[in-house]
Amino acid sequence: MPEDFIRIEKEIQKFWQERGIFKTNPNPRKKYYVLVMFPYPSGDLHIGHSRNYTIGDTVMRFKKMRGYDVLHPFGWDAFGLPAENAAIIHGIHPEIWTKENIEISKKHLMDLGIGYDWDSEVTSCEPEYYRWNQYFFIKFYERGLAYRKESYVNWCPNCQTVLANEQVKDGHCWRSTCNAIVEKRKLTQWYFRITDYAQRLLDGLKELKDWPESVKIMQENWIGRSEGVEVYFTLEDGTKVPIFTTRPDTLYGVTFMALAPDAPLAETIAQGTSQEKLVRDYINEALKKSEVDRTGIETEKTGVFTGRYAINPINNERIPVYIADFVLASYGTGMIMAVPGHDQRDFEFAQKYNIPIKVVINPPGEKLDPKTMSCAYVDEGVMVNSGPFDGLNNLEGIKRITKYLEEKGLGKRTVNYRLKDWLISRQRYWGTPIPMIHCEHCGIVPVPEKDLPVLLPKTVKDYQPKGKSVLAGVPEFINTTCPKCGGKAQRDPDTMDTFVDSSWYFLRYTDPKNDKMPFDPKKANQWMPIDEYIGGIEHATGHLIYFRFFTKVLYDMGMLNVDEPCKVLHTHGMVKLNGITMSSSKRHGIWLGDFLKEHGADVCKLAVLFSAPPEKEIDWTNEMVIGVSRFLSRIRALYEQHKPIFDIIPNIQEHITNKPDERRLYIRLNQTIKKVIDDSERIQYNTAIAALMEFLNDLTGFENKQSQLFQHALGVMLRLLAPFAPHIAEHLWLKHSGKKHSIFEETLPEPDPNALSFETITIPIQIQGKLRSKIDVAIDTPEEEIKQLALNDEKVKKYTEGKTIKKIIYVPKRLINIVIS
RNA sequence: GCCGGGAUGGCGGAACAUGGUAGACGCAAGGGACUUAAAAUCCCUCGGUCGUUUUCGACUGUGCCGGUUCGAUUCCGGCUCCCGGCACCA
């Protein structure tokens with residue numbers, strides 16, 4: 001790109017700003033909400049970031065040119081650990097560090113010419129924003145959706161804070177720069193009761209027709225619904241120990257039970273038995289292990305007998321109870337019935353500890369012997385050793401035993417989910433303070449709404465958490481009075497998970513300045529749902545579940561008319577460099593500042609859009625830049641040499657001559673309009689740009705450049721190009737059209753439906769399915785005539801001579817296939 | 001282990017929701033034009049093998065094996081490899 005163009009891009013950006021091209025219409029007639037996931041302000045942006053924004057920008061410009069009133073806002077997910085780490089390492093206040101980064105990133109976005117409505121910019125670390133996190137927290141609390149409980153939680157020893165389940169990847173901290181092995185700690189923490197919405201989150205997926213199948217499946221697995229029965233076992237002393245099973249048909253095969261070492265009952269169950277000390281030691285050992293050690297693939301199951309027995313309610317058998325590390329406290333009831341004959345895990349455990357194996361299901365036509373079994377039998381079969389249920393197919397057995405248990409009051413049908421409640425407390429500084437007060441007399445009391453926001457104190461000396469919250473060490477923050485009794489009380493020292501911020505920011509964009517409410521429902525409902533949401537796939541089971549959850553709660557609160565936030569989701573692939581994902585924190589990437597200085601914004605946009613379809617990842621090479629640079633140079637040269645007609649000529653088809661090349665160009669023009677529009681609607685920008693390149697080749701090769709048709713085509717082409725190369729299109733538009741308004745205030749022309757195919761088409765002729773010849777025919781040639789033409793074709797004759805023609809298959813306008821014997 | 005997705009020229013990728021000329025568009029490569037020269041630009045060639053060797057023709061070719069079909073990159077069955085997600089969920 002010639003150097004002067006970098007300067008021109010700046011002028012164009014200024015023109016857009018001054019003209020307010022991207023301002024949101026507060027009263028949209030035909031609304032379109034396009035949103036990119038708001039980023040963490042990491043300072044210098046790289047090409048990987050630009051992909052996200054470029055796709056959003058192209059959607060916005062395209063939709064705008066198709067007559068929509070578009071909302072295309074931007075903001076910053078500004079709370080979080082990197083700011084705090086910078087404070088710890090460099091002694092800069094997190095707020096200053098964050099704001100400096102925002103300025104840098106924002107400049108890059110401006111230089112890229114992304115068309116945001118900056119009036120609706122939202123920054124989550126501002127009290128004007130986070131006070132509403134606190135507002136929602138209290139609303140959730142009032143509805144029973146925010147609660148505190150003590151349990152074993154994921155603890156990152158490096159970040160010195162707890163993590164939500166969604167933030168633990170393979171037993172390691174999710175943050176790419178941390179990656180520490182996550183430990184278990186027993187703590188009292190705040191949770192959002194997302195499990196109350198498990199079923200609705202699952203059901204809602206069915207409505208999301210335009211979400212990628214992969215994301216929906218990931219969420220479905222994450223929610224993990226499974227249907228079964230809760231069966232009421234009891235210990236010999238009468239203690240109730242219900243268990244969950246999906247296989248009630250194996251109830252007669254239970255030979256032991258197992259309790260999770262971190263389940264509450266595990267602490268007391270062995271008291272007074274000879275096993276007491278062994279059990280205590282085992283639990284201590286088991287809890288010391290990290291999740292990785294405990295659940296790794298190769299890990300052998302361990303356990304210890306508790307000295308206690310339970311009674312199997314279906315046959316009153318006496319069943320030994322173990323504590324075993326393969327049982328999870330957090331799923332079901334934290335205790336299981338174990339059937340070694342028909343569950344592989346139970347089988348392995350039973351073998352190791354010499355527990356009997358009992359067969360209650362035989363494979364069809366076979367008889368299993370527990371002594372010779374090498375693994376559990378888990379498939380369908382015939383029930384045996386199961387009292388009145390013998391001889392049944394086990395699938396039928398599931399139904400019959402379930403019914404029996406319910407009738408006798410020995411159990412009930414239950415559904416279990418793998419989804420856990422969302423742990424939102426963090427022991428860090430740079431986040432939203434939890435608006436709760438702990439009073440000796442009144443217990444936990446929410447901060448009254450009129451006292452919000454609870455401001456994050458700025459006078460912190462030491463940001464390094466030491467196993468407890470940073471804010472606990474700030475007396476002027478922590479000490480307060482109880483809103484109920486007026487006595488001395490303390491604030492909650494924790495801050496919220498930053499995923500709370502991103503769970504509703506898309507609503508704030510619809511009403512960003514409101515200081516009475518988080519948003520006016522009228523305004524939100526005007527724009528919701530999001531019509532096109534663009535972001536990385538890495539949020540599939542985190543943010544993309546959380547924001548659905550929030551939307552459903554707000555729907556229940558009467559604040560929204562929709563209970564799904566977003567109709568269409570497009571997840572794009574990462575951008576890599578030398579096979580490694582570009583990353584700000586790892587300082588690995590092609591930096592936007594450098595790139596823009598060298599190539600300009602349009603080249604950046606086109607290169608990112610053209611090199612691969614959006615969902616695929618890109619391994620960046622400089623070759624990707626060369627092709628699109630040439631394309632833009634050729635465009636520029638064409639428009640410098642030949643003057644377009646800038647106004648769309650309504651009946652251009654009446655003005656063109658019957659010369660074949662004019663007919664051809666006219667049809668190519670309409671094919672291009674159709675292809676660019678269709679592909680853009682599907683966000684297949686790589687092929688849309690390819691179509692523009694093809695048409696440029698057509699234009700360059702066209703003889704009569706003085707003709708009205710040619711000049712008209714140039715005018716149309718410029719509009720089609722505008723969403724992809726906005727600066728150059730705008731520049732050529734303003735410079736040569738003499739118009740004062742932006743090309744983005746123009747609309748895209750529709751293709752002429754009568755000019756989408758050529759009058760003469762080439763029909764390939766196959767013989768036995770192999771291509772042998774081609775004939776050119778008029779498009780309306782009758783089938784019989786085409787068949788005759790094919791049979792008379794010289795090359796065809798060579799193959800058909802002396803053979804019998806069995807049949808001729810003609811696919812209209814596509815091909816002809818002759819079958820001979 | 002379970003659940004997804006994928007595999008097409010030297011490379012990025014088209015075509016495959018509806019089976020119908022595989023390789024659009026671009027990069028790289030080779031040749032040519034312009035130029036004192038270079039850059040830039042423009043034109044031509046470009047899956048492989050073989051044959052005539054000019055225009056052309058034959059065979060083969062979309063990870064592998066098989067099937068359905070007049071016809072399969074596209075559908076079905078069975079594999080191999082890659083990339084994601086989940087991971088003792090009872």
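Lettering follows sequence order; numbering is per chain, from 1.
For A:A690, taking side-chain heavy atoms from C-beta onward, the closest of the listed nucleotides B:rG84, B:rA28, B:rC25 is B:rC25. Picking from B:rC70, B:rG4, B:rC25 the nucleotide with the shortest atom distance to the side chain of A:V819 gives B:rC70. Comparing B:rC27, B:rC42, B:rC3 against the side chain of A:R634 picks out B:rC42 as the nearest. Which of B:rC86, B:rG84, B:rG26 sits closest to the side chain of A:T541 comes down to B:rC86. For A:Y799, whose side chain is taken as the heavy atoms from C-beta onward, the closest listed nucleotide among B:rA87, B:rA58, B:rG85 is B:rA58.
Across A:D343, A:V229, A:I361, a single residue satisfies side-chain contact (heavy atoms from CB on, under 4.5 Å) together with A:R247, and that is A:I361.
Syn is the conformation of B:rG9, whose glycosidic angle sits no further than 90° from 0.
Residue contacts for A:K169: at a heavy-atom cut-off of 4.0 Å it reaches the sugar-phosphate backbone alone, with no base atom in range. Among the atoms of the strands shown, none is found under 4.0 Å from any heavy atom of A:D343. In this structure, A:I217 reaches the sugar-phosphate backbone alone: every heavy-atom distance under 4.0 Å involves primed, P, OP1 or OP2 atoms, never a base. As judged by a 4.0 angstrom heavy-atom cut-off over every strand, A:N697 is placed among residues touching the sugar-phosphate backbone only. Within 4.0 Å of A:K770, counting heavy atoms only, lie sugar-phosphate atoms of the nucleic acid but no base atom. In this structure, A:Y685 reaches neither bases nor backbone, as no heavy-atom distance under 4.0 Å exists between it and the strands shown.
Using bins of under 30°, 30° to 60° and over 60° for the plane-to-plane angle, the ring pair A:H543/A:H539 lands in the perpendicular bin. Under the 30°/60° scheme for interplanar angles, the aromatic rings of A:F349 and A:F326 are found to be tilted.
No salt bridge links A:D793 with A:K795; every basic N to acidic carboxylate O contact stays at or beyond 4.0 Å. Electrostatic pairing of A:D679 and A:R682 counts as a salt bridge here, judged by a charged N lying under 4.0 Å from a carboxylate O. A salt bridge between A:E348 and A:K352 is absent, with no side-chain N of the basic residue lying under 4.0 Å from a carboxylate O of the acidic one.
For the residue pair A:Q199 and A:Y417, a side-chain donor N or O sits within less than 3.5 Å of a side-chain acceptor on the partner. Defined by atom type and a distance below 3.5 Å, a donor-acceptor pair is missing between the side-chain atoms of A:Y353 and A:T302. Between the side chains of A:R772 and A:Y799, at least one donor-acceptor pair of N or O atoms lies under 3.5 Å. Side-chain atoms of A:R418 and A:N165 include no donor-acceptor pair closer than 3.5 Å.
B:rU45 and B:rC65 are spaced 37 Å apart, taking the C1' atom of each and rounding to whole Å. Taking atom C1' on both B:rG61 and B:rU73, the two are 11 Å apart, rounded to the nearest angstrom. Remark: the separation of the P atoms in B:rA15 and B:rG6 is 14 Å, to the nearest Å. Comparing the P positions of B:rU36 and B:rU49 gives an interatomic distance of 40 Å, to the nearest angstrom. When the P atom is compared between B:rC3 and B:rA58, the two are found 47 Å apart, to the nearest whole Å. For B:rC64 and B:rG9, the P atoms lie 10 Å apart once the distance is rounded to whole Å. The same atom, P, is picked in B:rG77 and in B:rU68; the two are 15 Å apart, to the nearest Å. Rounded to whole Å, the C1' atom of B:rC46 lies 23 Å from the corresponding atom of B:rA40.
Looking only at side-chain heavy atoms (C-beta outward), A:T333 and A:E230 come within less than 4.5 Å of each other.
As a whole-Å value, the separation of A:I537 CD1 from B:rG6 P is 13 Å. For A:N165 and B:rC86, the CG to P distance is 11 Å, given to the nearest whole Å. A straight line from CZ of A:F347 to C1' of B:rC88 spans 16 Å, rounded to a whole angstrom. One can place CZ of A:F326 at 18 Å from P of B:rA87, the figure rounded to the nearest angstrom. Atom CD in A:E227 sits roughly 12 Å away from atom P in B:rA90 (whole-Å rounding).
For the OP1/OP2 pair of B:rA90 and a distance below 4.0 Å, the side-chain nitrogens and oxygens of A:Y417 include no atom meeting the criterion. Proximity of A:R418 to the phosphate of B:rC88: no side-chain N or O atom is located under 4.0 Å from OP1 or OP2. Here A:S226 reaches the OP1 or OP2 of B:rA90: one of its side-chain N or O atoms lies under 4.0 Å away.
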Discussion item. As a quick check of understanding, evaluate side chain to side chain contact (heavy atoms under 4.5 Å, CB included) for A:L606 and A:I689, giving each step before the final call.
Written reply: CA-CA 8 Å; A:L606 277 175; A:I689 293 168; 3.6 Å; yes

Practice prompt. Determine, for nucleotides 11-21 of chain B in 5'-to-3' order, which nucleotides have protein heavy atoms under 4.0 Å from the base (write B), from only the sugar-phosphate (write S), or from neither (write -).
Written response: -BSS-----BB

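If you find the closest nucleotide of RNA chain B to A:G627 and to A:E348, the one lying nearer the 5' end belongs to A:G627.
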Worksheet item: Using Watson-Crick and G-U wobble pairs with both distances under 3.5 Å, what is the 5'-to-3' dot-bracket string of RNA chain B, with [ ] for crossing pairs and | for pairs outside the strand?
Response: (((((((..(((.......[....))).(((((.......))))).(((((....)))))..(((((..]....))))))))))))....

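If you check distances only, the side chain of A:K301 does reach the base of B:rC88 with a donor-acceptor pair under 3.5 Å.
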